[in-house]
Amino acid sequence: MSAQTPYDLLIIGGGVNGTGIARDAAGRGLKILLVEKDDLAQHTSSASTKLIHGGLRYLEYYEFRLVREALQERELLLNLAPHIIHPLKFVLPHRNAVRPAWMIRAGLFLYDHLACHPKLPNAQQIALQKSPYGQPLRSDIKKGFTYSDCAVDDSRLTVLNAKGARNKGADIRTQTTLLKAERKDDLWEATIQDNKTKTESIIQAKAVVNAAGPWVAEILKDLQIQSSMNVRLVKGSHIVVKKLFDGSQAYILQNADKRIVFAIPYHDEFTLIGTTDISWDQSPDALPNIDQDETKYLCESINNYFNKNITPEDVIWDYSGVRPLYDDASSNASAVTRDYHLDLNQTAGKAPLLSIFGGKITTYRRLAEHSMEQLAPFFQYNRKAWTASEPLPGGNITNGDFKLFYTNFRKSVPFLDDLTAQRMAHAYGTDALEVLNKATSKEDLGTDFGHGLTQREIDYLIEKEWATTADDILWRRTKLGLYFSKDEFQAVQNYLTEKLQ
């Protein structure tokens, strides 16, 4: 693109906030360029606890506005993406030593009544010894509560927003680094580089959105712009072990330090456990890893409640991410607000810069709407807020009835095994048939790389979902990395290397 035809927005960062803003803005008629130096959702947006939730524990910090907004979004997103988001019942085993029962009941009452939730049941108190939910738990835990939230495939949520943005005309470039940017009166002039070819391009934009997550402060520093806001980096780690309990319910465990740990069914065979909250003082470029103390903490959290004990040796996979929280000066990392703050830097006659501080995956869509409100004085939108009613790619499922959709999809693909059919229906929704591209037999899908991943699907992920490495495909697009051996992983990487030469 020549300098004579500037973009409206240059968005820095391919996490859920950046892609969400790109989709919203492109749908309002703006010309968008999003650059991400790595893969979509490679950092914070693939390292969450995989929940769309109000944040029950945030009520303890009086974050009522945030919880209400998150609960409203929970219901809305369940309608917009029923393939990658589904209801999840939580069991909260109760011990008086942590929080009294009246406090839990009051919190759950608020949780039920801060926003409407017609698709999700209200909280209940239960006798665990008489309930199947109590069977995996230690016998000394006699009572508990149930309530509902939703599970989400976080990295796919990010990819679907990027696809939605591209469908509206946005230019999404992964593996593309912002080298520098400076204001030239009413425009930004930026130099970007393709990581693979090292080719540099100069582009212009009427505004810049700094949605770089953990790098938000680094970008501001590079742009030589001061902000009154600060980012607080907090590391969160998770572990995955073999399935700890039967059933589709999850557990929320209260620890003596008043932190909570989730135990969530994950891909049928596993349990996802997390998260930790540890202040991160290193550069965001120093990729975080779980440490021994975090692993021990998560194992002990489980062992305090479940009959089946685990040790660090039981960990099959772990992942860590750095959350870029808005710094509200809390001394405790767990107490730092999960709310988001937008910082608009603009002076008369100069091109604006909007920086995103904080946020959580559940509220990304509202964050994008609020971002568009902040930028409204500088643009003429061709439509009002629209993302609350238009499903994400693959989400246009009749009445949001995934079970009915899956029944029909399964009939149309008898050549797929059940696990692969389920995985593809959840990952791609109504776009699953596009991935299969009129295949009528397994042979039509090309090489089978194992565990239902075929050449046809890999080619789709390259062409339509910006995948360039085996990690992109096996950990962020499909989660099949949980099943792949080193040799199988290498075979996928070899195919990609050859295909992308």
Side-chain angles (χ1 to χ4, degrees), residues 1 5 7-36 39-41 45 76-85 152-176 203 205 209 211 361 364-369 371-372 375 379 381-398 400 405 409 424-438 456-468 472-473 476-478:
M1 173 166 287
T5 53
Y7 290 95
D8 290 315
L9 292 186
L10 167 62
I11 300 172
I12 305 163
V16 73
N17 288 336
T19 57
I21 293 168
R23 177 174 180 254
D24 192 329
R28 297 182 197 233
L30 299 192
K31 187 186 289 283
I32 306 300
L33 171 62
L34 181 148
V35 295
E36 163 55 51
D39 181 32
L40 297 171
S45 293
L76 194 148
L77 292 171
L78 188 54
N79 292 321
L80 299 183
H83 51 323
I84 62 164
I85 300 173
V152 65
D153 185 332
D154 51 4
S155 47
R156 285 215 61 76
L157 181 65
T158 304
V159 169
L160 294 184
N161 273 281
K163 290 174 77 173
R166 184 180 56 198
N167 291 345
K168 301 289 184 186
D171 185 353
I172 308 291
R173 302 191 202 177
T174 64
Q175 305 298 330
T176 301
I203 65 98
V209 175
I361 199 163
Y364 86 88
R365 194 201 63 82
R366 286 292 286 138
L367 182 152
E369 278 190 346
S371 298
M372 299 312 297
L375 293 168
F379 298 101
Y381 300 150
N382 64 14
R383 71 193 291 194
K384 295 179 181 178
W386 63 277
T387 58
S389 57
E390 186 170 314
L392 286 160
N396 54 326
I397 292 168
T398 305
F405 160 74
F409 172 71
M424 295 192 73
H426 278 295
Y428 305 106
T430 54
D431 288 343
L433 291 176
E434 181 189 348
V435 181
L436 296 170
N437 194 17
K438 300 178 182 176
R456 174 78 47 97
E457 186 174 1
I458 291 178
D459 289 349
Y460 177 88
L461 293 172
I462 293 169
E463 293 162 15
K464 304 288 188 180
E465 294 199 358
W466 299 275
T468 62
D472 297 350
I473 289 173
R476 286 180 284 281
R477 304 303 187 281
T478 69

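A quick note: this is a predicted structure, and the numbers were derived from the prediction, not measured.
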Next on the checklist: Suppose we screen for side chain to side chain donor-acceptor pair (under 3.5 Å). Which residues come up paired with E434, at least two apart in sequence or across chains?
Outcome noted: none

Item to check | Stepwise side chain to side chain contact (heavy atoms under 4.5 Å, CB included) check, I32 with Y7 | outcome: CA-CA 6 Å; I32 306 300; Y7 290 95; 5.8 Å; no

Next on the checklist: Could you work out, with side chain to side chain donor-acceptor pair (under 3.5 Å) as the rule, every residue matching N396, not counting sequence neighbours?
Outcome noted: T430

Next on the checklist: Ignoring hydrogens, what is the shortest heavy-atom contact between S155 and R476? Give both atom names and the distance.
Outcome noted: OG-O, 2.7 Å

Item to check | Pairwise side-chain contact, R28 with W386, heavy-atom cut-off 4.5 Å (strictly under) | outcome: yes

Checklist entry - Between L392, D431, T158, which is the residue that forms a side-chain contact (heavy atoms from CB on, under 4.5 Å) with K163? => result D431

Checklist entry - Considering all heavy atoms of both residues, which atom of F409 and which atom of A425 are nearest to each other, and what is their separation? => result CD2-CB, 3.9 Å

Next on the checklist: On a heavy-atom basis, which atom in V16 and which in T19 lie closest, and how many Å separate them?
Outcome noted: O-OG1, 3.3 Å

Item to check | Contact check, side chains of R156 and H83, non-hydrogen atoms, under 4.5 Å | outcome: no

Checklist entry - Are the side chain of W466 and the backbone of I172 linked by a donor-acceptor contact shorter than 3.5 Å? => result yes

Next on the checklist: Are the side chains of L30 and L375 in contact, using a 4.5 Å heavy-atom criterion?
Outcome noted: no

Next on the checklist: Within the 4.5 Å heavy-atom criterion, are L157 and R365 side-chain neighbours or not?
Outcome noted: no

Item to check | Sub-4.5 Å side-chain heavy-atom contact between Y364 and L77 | outcome: yes

